[in-house]
Amino acid sequence: MYFSTVTISSIAKARAFVEMTAKYPNIRIMLSCRDYSVDAHSIIGILSLDLAQPIQLEAEGEHIDDLISDLQPYTV
């Protein structure tokens, strides 16, 4: 399991984030802000978060090292 804090500060970055997570359909990636959690594969879910706040990321699955590398532009 991998935990991190990410920032997704705009709709364009949210779209790019979802496109990136689409490369990992077998990895469970959840984003949380306050008491609300969403699937990181969902653009609507991400846009329902408070993007002005840091977002907690939790990921679990195979080939997670590739995902961690792709998350670098979003990691706080």
Other residues, nucleotides, ligands: >12 heavy atoms within 6.0 Å of L47 CG: yes
Smallest separation among heavy atoms of S48 and V38, with atom names: OG-CG1, 3.8 Å
pair I46-L51: side-chain heavy atoms closer than 4.5 Å: yes
Distance-minimising heavy-atom pair for Y36 and L49: CD2-CD2, 3.5 Å
Over all atoms of both residues, closest heavy-atom pair of L67 and I29: CD2-CD1, 3.9 Å
H41 side-chain N/O to T21 backbone N/O, donor-acceptor pair under 3.5 Å: yes
CD/Q72: more than 12 non-hydrogen atoms of other groups inside 6.0 Å: yes
P54 to T5 - nearest heavy-atom pair and separation: CB-CG2, 3.6 Å
T7 vs Y74, side chain to side chain contact (heavy atoms under 4.5 Å, CB included): CA-CA, chis, key distance, verdict: CA-CA 5 Å; T7 57; Y74 303 97; 5.6 Å; no
Student check: side-chain heavy atoms of L71 and M20 closer than 4.5 Å: yes
Heavy-atom donor-acceptor pair, Y2 side chain to L57 backbone, under 3.5 Å: no
Shortest non-hydrogen contact between L31 and A40, atoms and distance: CG-CB, 3.8 Å
Student check: side-chain heavy atoms of M30 and E60 closer than 4.5 Å: no
Minimal non-hydrogen separation, I8 against K13, with atom names: CG2-C, 3.8 Å
Validation row: F17, E19 side chains within 4.5 angstrom (heavy atoms): no
E58 and R28, any side-chain heavy atoms less than 4.5 Å apart: yes
Verify same cluster id: I55, I44 (apolar side-chain graph, 4.5 Å): yes
Residues that K23 engages under salt bridge (Lys or Arg N to Asp or Glu O under 4.0 Å), provided they are two or more places apart: D70
I27 and E62: CA distance, side-chain angles, deciding distance, side chain to side chain contact (heavy atoms under 4.5 Å, CB included) verdict: CA-CA 7 Å; I27 296 178; E62 296 179 22; 5.9 Å; no
